[in-house]
Amino acid sequence: MSLSLNQRTTRRWTVAEAVDGCVRHGLEAVGLWRENVAEQGLAESVKLVREAGLRVSSLCRGGFMTAGGLPGDEGRRAFARALDDNRRAIDEAAELGAACLVMVVGGLPGVTPGEPLPAGTADAGGAGGTGDGGVAAGGFSRDLAGARERVAEALAELAPYAGERGVKLALEPLHPVYCPDRAVLSTLGQALDLSLAYPEEQVGVVVDTFHVWWDPRLSEDIARAGRRIASYQVCDYLHPLPADVLLARGMMGDGVIGFPPITKAVLAAGYTGDVEVEIFNADIWAADPDEVVATMKARYEDVVLATG
């Protein structure tokens with residue numbers, strides 16, 4: 001395995017700056033984000049990574065496919081929009097030659113990431129909302145099982161499209177704290193079970209230490225995933241959590257995760273791809289990106305690859 005810089009770790013860097021930084025620091029791969037690629041321009045981004053001789057270890061992100069769980073025309077339109085956006089993401093990943101397109105599948109229909117629930121959500125069905133898993137008065141759905149069904153329906157549409165273009169969709173389970181608004185897949189086992197209906201070159205899974213370190217079935221599911229592991233992403237889980245839990249990721253060694261057992265399990269499963277460091281952290285984003293990358297390289301050797 002070799003080290004890759006996920007662009008979000010050095011958030012201030014454009015695609016051009018991230019590519020240049022990887023070259024200067026001796027990295028062979030970079031993980032890109034769609035909004036940054038759009039700002040740089042897709043054709044220019046492709047040119048930059050190819051001329052630098054870098055691999056694109058992942059493109060982040062596709063997904064957010066659950067809005068189709070809203071009722072009637074609203075749900076149908078939302079589902080169609082999600083499919084269209086994901087097809088565009090697949091096309092972008094193909095152009096970049098990305099090893100995978102990371103899929104953050106989406107939370108409960110109508111719940112906006114990081115925002116309060118709509119006003120009036122307790123009006124229907126008493127204090128708890130609808131009480132039957134349906135749509136609450138505030139315009140969002142509490143139907144978790146239904147949201148997961150929407151993900152499966154979208155995947156049935158998108159996996160063949162991705163396969164035709166040589167792109168692997170990488171389902172990323174997120175820590176359960178993000179289930180309401182970002183990902184109704186919370187365990188590696190859930191993501192893996194969903195992927196098994198498709199050829200491994202079409203659909204795989206992401207092992208992100210921040211999201212899965214707590215799972216008592218993690219080692220078993222990593223072994224079961226085998227060659228379906230499309231991406232191994234690392235960062236630490238900080239304690240206590242900050243007020244904005246999206247920014248709870250830390251540099252490896254600064255939190256509670258024991259990396260060696262996870263890394264050994266991923267290697268034993270046959271993973272030979274790049275290891276991305278993906279960190280969402282206000283202090284790290286404010287720091288000198290070159291210093292961040294230097295620290296990242298040292299912690300990768302001393303913490304992620306540690307044998308103790």
Side-chain angles (χ1 to χ4, degrees), residues 1-42 44-62 89 92-93 96-102 104 113-114 170 172 174 182 206-211 231-238 242 244-255 257 259 273-305:
M1 298 187 298
S2 65
L3 184 60
S4 173
L5 170 68
N6 185 287
Q7 191 176 8
R8 193 49 55 99
T9 301
T10 52
R11 188 181 185 188
R12 286 187 284 155
W13 273 352
T14 64
V15 170
E17 290 168 333
V19 166
D20 181 64
C22 286
V23 171
R24 284 187 286 105
H25 287 274
L27 302 180
E28 299 177 359
V30 62
L32 298 176
W33 279 70
R34 290 183 67 199
E35 55 263 44
N36 299 106
V37 170
E39 290 173 1
Q40 189 74 54
L42 178 59
E44 179 65 14
S45 297
V46 170
K47 179 182 178 182
L48 286 167
V49 295
R50 289 182 180 170
E51 289 183 350
L54 295 178
R55 297 182 297 275
V56 178
S57 52
S58 75
L59 179 64
C60 292
R61 51 183 160 65
E92 293 161 14
L96 289 162
C100 64
L101 173 65
V102 174
V104 177
E172 182 171 19
L174 268 57
R182 286 186 168 85
V206 180
V207 177
D208 184 321
T209 56
F210 177 85
H211 293 301
S231 179
Y232 181 36
Q233 296 182 336
V234 297
C235 70
D236 220 328
Y237 187 98
L238 299 180
D244 185 349
V245 294
L246 187 64
L247 306 182
R249 294 168 173 253
M251 189 65 72
M252 299 80 72
D254 287 349
I257 297 177
F259 289 91
D274 297 301
V275 182
E276 282 189 9
V277 175
E278 182 188 53
I279 301 175
F280 293 63
N281 182 292
D283 291 335
I284 288 176
W285 288 346
D288 181 341
D290 282 295
E291 293 180 3
V292 170
V293 175
T295 301
M296 178 186 92
K297 290 176 62 179
R299 298 288 183 89
Y300 175 69
E301 294 290 339
D302 296 342
V303 178
V304 177
L305 300 183

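Looking at residues two or more places apart in sequence or on another chain, you find a side-chain contact (heavy atoms from CB on, under 4.5 Å) between Pro113 and Phe64, Asp181, Arg182. Taking the ring-ring contact (aromatic ring centres under 6.0 Å, His included) definition, one finds that Phe210 meets it with Tyr237, sequence neighbours left out. For the side chain to side chain donor-acceptor pair (under 3.5 Å) test, residues two or more places apart in sequence or in another chain that qualify with Ser58 are Glu276. For the salt bridge (Lys or Arg N to Asp or Glu O under 4.0 Å) test, residues two or more places apart in sequence or in another chain that qualify with Arg34 are Asp85, Glu92. Applying the side-chain contact (heavy atoms from CB on, under 4.5 Å) criterion to Glu44, with sequence neighbours excluded, gives Gln40, Lys47, Leu48. Every side-chain contact (heavy atoms from CB on, under 4.5 Å) that Ala52 has, sequence neighbours left out, goes to Val19, Val23, Leu54. Residues forming a salt bridge (Lys or Arg N to Asp or Glu O under 4.0 Å) with Asp283 (at least two apart in sequence, or on another chain): none. Remark: Ala93 pairs with Leu59, Ala98, Leu101, Val167 by the side-chain contact (heavy atoms from CB on, under 4.5 Å) rule, at least two apart or across chains. By the salt bridge (Lys or Arg N to Asp or Glu O under 4.0 Å) test, Glu278 is found to be paired with Arg249, residues two or more places apart in sequence or in another chain being considered. Partners of Arg55 according to the salt bridge (Lys or Arg N to Asp or Glu O under 4.0 Å) rule, which considers only residues two or more places apart in sequence or in another chain, are Glu28, Asp274.
Judged as a salt bridge (Lys or Arg N to Asp or Glu O under 4.0 Å), the pairs with a partner in residues 2-19 (not counting sequence neighbours) are, in order, Arg8-Glu35. Residue pairs meeting the side-chain hydrogen bond (donor to acceptor under 3.5 Å, both in side chains) criterion with at least one member in residues 289-300, sequence neighbours excluded: Arg24-Asp290, His25-Asp290, Asp254-Arg299.
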Evaluation steps, side-chain contact (heavy atoms from CB on, under 4.5 Å), between Trp13 and Asn36 = CA-CA 9 Å; Trp13 273 352; Asn36 299 106; over 6 Å; no
inquiry  = Using side-chain contact (heavy atoms from CB on, under 4.5 Å), reason through Asp302 and Met252 one step at a time and then give a plain yes or no.
reply    = CA-CA 9 Å; Asp302 296 342; Met252 299 80 72; over 6 Å; no
ask   = Could you walk me through whether Leu238 and Asn281 pass the side-chain contact (heavy atoms from CB on, under 4.5 Å) check?
value = CA-CA 10 Å; Leu238 299 180; Asn281 182 292; 3.6 Å; yes
ask   = Can you check side-chain contact (heavy atoms from CB on, under 4.5 Å) on Glu172 and Gln233, steps first, answer last?
value = CA-CA 10 Å; Glu172 182 171 19; Gln233 296 182 336; 3.3 Å; yes
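In this structure, Ala170 and Val206 approach most closely via the heavy-atom pair CB-CG2, 3.5 Å. For Thr209 against Cys235, the heavy-atom pair with the smallest separation is OG1-O, 2.8 Å. Residues Phe259 and Asp236 approach most closely at CE1-OD2, 3.7 Å, considering heavy atoms. Taking all atoms of both residues into account, the shortest heavy-atom contact from Ala99 to Ser57 is CB-O, 3.4 Å. Val15 approaches Ser45 most closely through the heavy-atom pair CG1-OG, 3.8 Å.
Distance OG1/Thr9 to CD1/Ile279: 5.0 Å, rounded to 0.5 Å. Rounded to the nearest 0.5 angstrom, Leu96 CG and Leu32 CG are separated by 6.0 Å. Atom CG of Leu5 and atom CG of Leu27 lie 6.5 Å apart (nearest 0.5 Å).
Judged purely by distance below 3.5 Å, without hydrogens or angles, the side chains of Trp33 and Asn6 pair a donor atom with an acceptor atom.
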